[in-house]
Participant: 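Sharing a structure below in structure tokens format, with a few things to ask.
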There are 2 protein chains.
Amino acid sequence: MADLVYRKVFNDLKDKIVKNEFPNKRLPDERSLSEEYQVSRSSVKRALKVLADEGIIFKKRGSGTFINPLYMKNKTIFHYEGSNLGITDSLKSQGKTPKIKLLSFKVVPANKEIQQDLFLSEGDFVYEIQRLRLFDDQPFMIETGYIPIKIAPELTREIVEKSIFNYVEDTINKSVTRSFLSILASPSNEQDQELLNLKPTEPVGVMEGIFFLDDGTPFEVSNMRLHYRYLRYNTFVMLNDH
Amino acid sequence: MADLVYRKVFNDLKDKIVKNEFPNKRLPDERSLSEEYQVSRSSVKRALKVLADEGIIFKKRGSGTFINPLYMKNKTIFHYEGSNLGITDSLKSQGKTPKIKLLSFKVVPANKEIQQDLFLSEGDFVYEIQRLRLFDDQPFMIETGYIPIKIAPELTREIVEKSIFNYVEDTINKSVTRSFLSILASPSNEQDQELLNLKPTEPVGVMEGIFFLDDGTPFEVSNMRLHYRYLRYNTFVMLNDH
DNA sequence: AAGTGGTCTAGACCACCGC
DNA sequence: CGGTGGTCTAGACCACTTG
């Protein structure tokens, strides 16, 4: 992954942007970058495309490529980038230690809502997994997930305390590649306040989502409640036209 | 726009998918499509990339390209608007009447932050427009926007009480087609509580964004504070791999 | 006119899948 | 092994912006 040409250009440019090595907020033109990195202009374009999709840069035809000023501002430790969600990655990359505390792990019958979300039938069972995620010993997210037992019949506490997605990729040989997410704000409840160290006036950011395997099978429905300072979802939006 | 090669391939394929012209849920391989449409394989790939980004198809290396079996069903269950945001539209569609109450309308010098966000220079002026948006006489959003006067030199209270974007499209003949948005949760402040009828424990959802004209010029930087029950951002997310 | 991003082509080689 | 998608190159021409 990391030794792909466009990936290297992407990583290097992102690095330089973060280190503020383009103080005029402008990147060199594509042809210069192509020369500098000794790669084709197509590969440069591909790298820039990904940067643009993540909202880090934007391009002005005829003018050049510029750094999105919102990207650097008010960066929370934890941020999601549109079309690329990397929970553990984005944490690790900053040299921090993400941890998981397992709050509960059960097998329960799927209720109506979960049946619909995961395309299950009456009588199907799911794992109910509640985890607290920490980041440098600071709790930031309560995550409640439901996974059909028939998709991953051998989940254990040990697996669940680490990465479920990695387990699935290594063992079932399928991968979780996409999801539908809903993002909203909510007042904190007592559990939130206790586990995330919140005052009653402080809210949580909520991300609800369904994760899919690469063959389209719904794999998990998840409800994530985040300390409000740790949620910042950055996205690039195309308005009505294309 | 629609006469781009990859766009035509995209539209044609999407059309065929919707009409169920691939009953085996599988698309022809890229080289055949390239031949069929008499375009390069790169253009086929580009069209397929867009289809995949929209969650309509997925590609399996070594196997082929398949139609996401959930694509049709999902439309009723989720309404994902990622990559297509229409605030007033989505309100109108529910048969409700959106209204705008103008809270303040001034011309002020752009501060450093706004200068950076909108690529302005020292001494440039911007409109500062604060509006309360209502929905069936129920206030749901406080919106503070900054627009360079040099882009829209003739803004008036009358325009600002309606749609700024429509004015821009009709008059300047440019359109607002893209934005970068950051979405987060925040405790409500006193103004929020008063204008949005919130209790102190109830939060707001915040959307900060820069809106761009179709030529890439930053047009407006906007801060939107929404009653938490009215913010729900739905999006389709591709995870780490492609 | 020069510079910059956008689109498109043609072709090469690689990596993975299934028979 | 053949078929498929993934990556990459080199170069052409177009469309828009800026001085």
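Letters A, B, ... are given to chains in the order of the sequence lines, protein chains preceding strands, and every chain is numbered from 1. Remember, predicted model here, so these are calculated numbers, not experimental data.
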Participant: Roughly, in whole Å, what's the span from CG in B:Leu51 to C1' in D:dG5?
Facilitator: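 Spelled out: CG on B:Leu51 to C1' on D:dG5 is 15 Å.
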Participant: Looking at B:Ser43, I'd like to know whether one of its side-chain N or O atoms comes within less than 4.0 Å of OP1 or OP2 on C:dT9.
Facilitator: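 Yes.
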Participant: Quick check on DNA chain D: between A:Gly62 and B:Glu30, whose nearest nucleotide comes earlier from the 5' end?
Facilitator: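 So the residue in question is B:Glu30.
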Participant: Hey, which sits more toward the 5' end of DNA chain D by its nearest nucleotide, B:Pro28 or B:Ser42?
Facilitator: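 On the 5' side of the pair lies B:Pro28.
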Participant: Rounded to the nearest Å, what distance is computed from the CG atom of residue A:Asp29 to the P atom of nucleotide D:dT17?
Facilitator: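 The answer, rounded to whole Å, is 17 Å.
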Participant: Are the charged groups of A:Glu21 and A:Lys14 less than 4.0 angstrom apart, N to O?
Facilitator: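 No salt bridge links A:Glu21 with A:Lys14.
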Participant: Select base, sugar-phosphate, or nothing to describe what B:Arg41 touches, counting heavy atoms under 4.0 Å on all strands.
Facilitator: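 Base contact - B:Arg41 has a heavy atom under 4.0 Å of at least one base atom.
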Participant: Between B:Tyr127 and B:Tyr146, does the ring centroid distance fall short of 6.0 Å?
Facilitator: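 No: the rings miss the under 6.0 Å criterion.
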Participant: Do any side-chain nitrogens or oxygens of B:Thr65 fall under 4.0 Å of OP1 or OP2 in D:dG5?
Facilitator: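 Indeed, a polar side-chain atom of B:Thr65 lies that close.
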Participant: Strictly below 4.0 Å, N to O, side chains only: are B:Glu122 and B:Lys112 in salt-bridge contact?
Facilitator: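 So B:Glu122 pairs with B:Lys112 through a salt bridge.
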Participant: Could you tell me how far apart A:Phe58 (CZ) and C:dT4 (P) are, to the nearest whole angstrom?
Facilitator: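 The distance from CZ of A:Phe58 to P of C:dT4 comes to 16 Å, rounded to the nearest Å.
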Participant: Is any side-chain N or O of A:Lys45 closer than 4.0 Å to OP1 or OP2 of C:dG6?
Facilitator: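 Checking A:Lys45 against C:dG6: at least one side-chain N or O falls below 4.0 Å of OP1 or OP2.
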Participant: Can you tell me which nucleotide in D:dG5, C:dT7, D:dT7 comes closest to the side chain of A:Leu4?
Facilitator: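 Between D:dG5, C:dT7, D:dT7, the one nearest the side chain of A:Leu4 would be D:dT7.
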Participant: Could you tell me the separation between the CD1 atom of B:Ile57 and the P atom of D:dG5, rounded to a whole number of Å?
Facilitator: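 It works out to 10 Å between those atoms.
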Participant: Identify whether any heavy atom of A:Ser63 sits under 4.0 Å from a base atom; if not, whether one sits that close to sugar-phosphate; answer base, sugar-phosphate or nothing.
Facilitator: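 Sugar-phosphate, no base atom in range.
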Participant: In whole Å, I'd like the distance from the OH atom of B:Tyr37 to the P atom of C:dA10.
Facilitator: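 These atoms are roughly 18 Å apart.
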Participant: Nearest whole angstrom, please: distance from the C1' of C:dG3 to the CZ of A:Phe66.
Facilitator: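 Taking atom C1' of C:dG3 as the reference, CZ of A:Phe66 is at 12 Å.
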Participant: Could you give the CZ-to-P distance, from B:Phe10 to C:dC8, as a whole number of Å?
Facilitator: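 To the nearest whole Å, that distance equals 14 Å.
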Participant: Using whole Å, report how far NZ of B:Lys49 lies from P of D:dC8.
Facilitator: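 Nearest whole value for this atom pair: 14 Å.
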Participant: Distance check: side-chain N/O of B:Lys59 vs OP1/OP2 of D:dT4, anything under 4.0 Å?
Facilitator: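 Checking D:dT4 against B:Lys59, no side-chain N or O comes under 4.0 Å of OP1 or OP2.
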Participant: Check this for me, if you would: do A:Asp12 and A:Lys8 make a salt bridge, where the nitrogen-to-carboxylate-oxygen distance has to be below 4.0 angstrom?
Facilitator: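 A salt bridge is absent here (no side-chain N lies under 4.0 Å from a carboxylate O).
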Participant: Inspect the contact between B:Arg225 and B:Glu208 and indicate whether a charged nitrogen and a carboxylate oxygen are less than 4.0 angstrom apart.
Facilitator: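 Salt bridge absent between B:Glu208 and B:Arg225.
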Participant: Mapping B:Val44 and B:Arg31 onto DNA chain C by nearest heavy atom, which one lands closer to the 5' end?
Facilitator: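 Counting from the 5' end, the first nearest nucleotide belongs to B:Val44.
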